[in-house]
Amino acid sequence: MTRREFGRGSLILAAAASMPGLAKAKDTALTIGVAAPFTTLDPHEQSNSPNNATSRHIFDSLINRGGKAENNPQLATNWNNTDDTHWEFVLRKNVKFHDGSDFTAKDVVASLLRARDKPSQSFASYTRNIKQVTAKDPHTVVVETTVPDPMILNSLSRIRIISAKYAKADVSEFDSGKAAVGTGPFKYKSYMPGDRLVVTRNEDYFAGPAHWSLVTLRILPDNGARLANLLSGDADLIENLPAQGIDRVKGSSKFDIIRGQSTRLVFLGMDIERDKTPDITAKDGSPLDKNPLKDERVRRAMLMSINRKAIVDRVMEGNGTVAHQFVAEGYAGHSDDVEPVKYDPEQAKKLLDEAGWKDGFRLTLHGPSGRYVDDSQVLQAVGQFLARIGIETKVNVMPWAVYSEKYNDKLYGVYLASWGINTGEVSNPALALVAKRDSKAGTGRYNAGGVDDPRLNALIKEATRTLDEKKRTPLLEEVSEITFNNLYLLPMHYENVVMGAKKTIKYEPRGDKYTLAYEVKPA
């Protein structure tokens, strides 16, 4: 887009956002059973889908990322790039924080810099190019980037705006509610880590009050417990409707199945960096003198051995689509030159033999429980397929909060992971998952396999600084080709959205799989 087109588009979005607020709603309660636990209410501490979706109930961003990955005005009413590295945002007036204080430019400055400078660096993929943030006046903010950044609007949609008075607050102050003071549609009421968050309606929300006066987000990672909560009536809506519950929900006059498409890629990651990697040994348990995962033939054999179509159809009951690269056809960066890997266990055995691993080896496959659709069952199925080509596999499943910390610290040899590609293009997952891990540059934050390909690094760097889409798209396509023709990640599937709900409510599933109470409506 040209500079003029950016400005004109923002004005159109601003006009679309000036709809009248909803009339004051009645006292109504909503309980949502969430499939994966959120771990903190500090919106800048740890970036993952459960945390980011939860934070949206209490906090707003400059830009609201819509369910189809569109940029809509939120705390910013319009924006424009005055040159390639300067963006000016006009802020919404007469917005109040939950404690009654005024929202101004100083809160935006404090929030963006806090997210950028947090020791956890969890939002580095989004803040890496932010050089400076300044308040031009109480209702205008200028964001300066170090380089031209075509994804800056998407990045800013990920960063929640807190009150400047809490810029130095620690995680415990947010979790206790003291600092959990936003401008969002709901106010903090109580939080029991690992169990639930309860919020109440913000009657003065600038976009109009939500339908629900009281919302409970219950953490229910166990499939059986989540289904039972829906069928008993304790939950009004649940995420990731378990496959074993689909027939029961279909056969009931009280419940509906809500389906939609998502852009979440589930993949197998692996340590291709270290000469000796955790949890991979000879079959007798003795250490290996080299890491088999560093050989592309071994990685290809592993993917060839997995019948991904059978996993999607049988294990996941059709709640997924087999994936071959970051994004499906039609999205920016999808390449027709990525070679799909077909299920072929006999050829997989030959590749292992060629690579010098005819007798196979032993590995531990790590993954979370209740984080992705049927994740435990998917892991077990993968383990069985690998065993058929001589790779003895132990599956180690653990709660998400435990798993994610070790994943970030690169403590696994082979692991199941995912990335919600909410930008609808390749640069976002590539920056996080396969760019060289560099905390100073803000790249590779979730590159737990140690991918470090100079050509790939250079392409990602160029693509993320190129504003011209016609020049940028071929760069992204080559990023996909290098990543998946070398199998730096083993693509498994894109998750579908499958939810269970009472017939008394309706909900339009989002591509990012966020479940937002503000968007839940009565039927």
Side-chain angles (χ1 to χ4, degrees), residues 36 221 223 264-274 276-288 291-312 314-316 320 322-323 341 343 345 348-349 351-352 355 357 359-419 433 446-451 487-493 495:
N223 283 344
R264 177 166 294 280
L265 170 70
V266 175
F267 61 91
L268 288 175
M270 49 195 59
D271 178 7
I272 64 172
E273 176 185 17
R274 290 170 284 196
K276 294 185 179 180
T277 193
D279 302 320
I280 297 184
T281 67
K283 285 187 174 180
D284 62 4
S286 60
L288 297 175
N291 174 6
L293 304 178
K294 296 182 75 170
D295 191 322
E296 181 269 338
R297 292 170 296 180
V298 173
R299 303 194 296 271
R300 188 169 296 275
M302 291 173 67
L303 189 57
M304 273 186 174
S305 77
I306 303 168
N307 190 336
R308 291 172 288 166
K309 185 69 165 58
I311 288 176
V312 164
R314 300 172 195 170
V315 177
M316 299 176 65
V322 173
V341 177
Y343 173 59
K349 291 177 183 177
L351 281 175
L352 281 183
W357 300 98
D359 296 328
F361 48 87
R362 180 186 296 175
L363 64 79
T364 299
L365 175 58
H366 300 274
S369 174
R371 174 64 183 91
Y372 315 131
V373 175
D374 298 313
D375 43 18
S376 297
Q377 297 93 318
V378 168
L379 285 161
Q380 294 294 340
V382 169
Q384 292 171 22
F385 283 122
L386 291 175
R388 293 174 187 175
I389 63 167
I391 300 176
E392 292 185 2
T393 305
K394 174 186 175 183
V395 174
N396 182 23
V397 176
M398 63 197 80
W400 170 249
V402 176
Y403 171 79
S404 60
E405 287 296 325
K406 293 183 177 180
Y407 161 73
N408 292 341
D409 291 339
K410 300 170 67 172
L411 297 181
Y412 303 138
V414 187
Y415 53 90
L416 187 72
S418 82
W419 193 262
L433 300 174
Y446 298 97
N447 179 356
V451 179
L487 294 177
Y488 292 144
L489 306 175
L490 305 190
M492 291 293 292
H493 53 264
E495 289 187 347

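Not a single donor-acceptor pair under 3.5 Å links the side chain of Y446 to the backbone N or O of Y407. The backbone N or O of A323 sits less than 3.5 Å from a side-chain atom of R308, completing a donor-acceptor pair. N291 places a side-chain N or O within donor-acceptor distance of the main-chain N or O of R274, the cut-off being under 3.5 Å.
The side-chain contact (heavy atoms from CB on, under 4.5 Å) test applied to K283 returns E392, not counting sequence neighbours. Taking A401 as the reference, T39 meet the side-chain contact (heavy atoms from CB on, under 4.5 Å) condition, with sequence neighbours excluded. With sequence neighbours left out, K294 forms a side-chain hydrogen bond (donor to acceptor under 3.5 Å, both in side chains) with D275. In this structure E296 satisfies the salt bridge (Lys or Arg N to Asp or Glu O under 4.0 Å) test together with R300, sequence neighbours excluded. With sequence neighbours excluded, the residues that form a salt bridge (Lys or Arg N to Asp or Glu O under 4.0 Å) with D295 are R297. Scanning for side-chain contact (heavy atoms from CB on, under 4.5 Å) contacts around V312 gives M316, V322, H493, with sequence neighbours left out. Residues passing the salt bridge (Lys or Arg N to Asp or Glu O under 4.0 Å) test with R314, sequence neighbours excluded: none. Residues that satisfy the side-chain hydrogen bond (donor to acceptor under 3.5 Å, both in side chains) test with R388, not counting sequence neighbours, are absent from this structure. D359 meets the side-chain contact (heavy atoms from CB on, under 4.5 Å) test with no other residue; sequence neighbours excluded. For W357, there are no side-chain hydrogen bond (donor to acceptor under 3.5 Å, both in side chains) partners at least two apart in sequence or on another chain.
The shortest heavy-atom contact between G450 and E273 is CA-OE1, 3.4 Å. Smallest separation of non-hydrogen atoms from P491 and F267: CA-CB, 4.2 Å.
With S305 as reference, I389 is the one residue of V382, I391, I389 to meet the side chain to side chain contact (heavy atoms under 4.5 Å, CB included) rule. Screening V298, T277, V451 for a side chain to side chain contact (heavy atoms under 4.5 Å, CB included) involving I272 leaves a single residue, V451.
Rounding to the nearest 0.5 Å gives a distance of 10.5 Å between CG of L268 and CG of L293.
Among residue pairs with one or both ends in residues 367-384, none qualify as side-chain hydrogen bond (donor to acceptor under 3.5 Å, both in side chains); sequence neighbours excluded. Sorted by first then second residue, the side-chain hydrogen bond (donor to acceptor under 3.5 Å, both in side chains) pairs that include residues 393-403, not counting sequence neighbours, are H366-N396.
There is no side-chain donor-acceptor pair under 3.5 Å between T364 and D279.
Counting heavy atoms from C-beta outward, M492 and L490 have side chains that stay 4.5 Å or more apart. Residues D271 and I280 fail the side-chain proximity criterion, which asks for heavy atoms closer than 4.5 Å.
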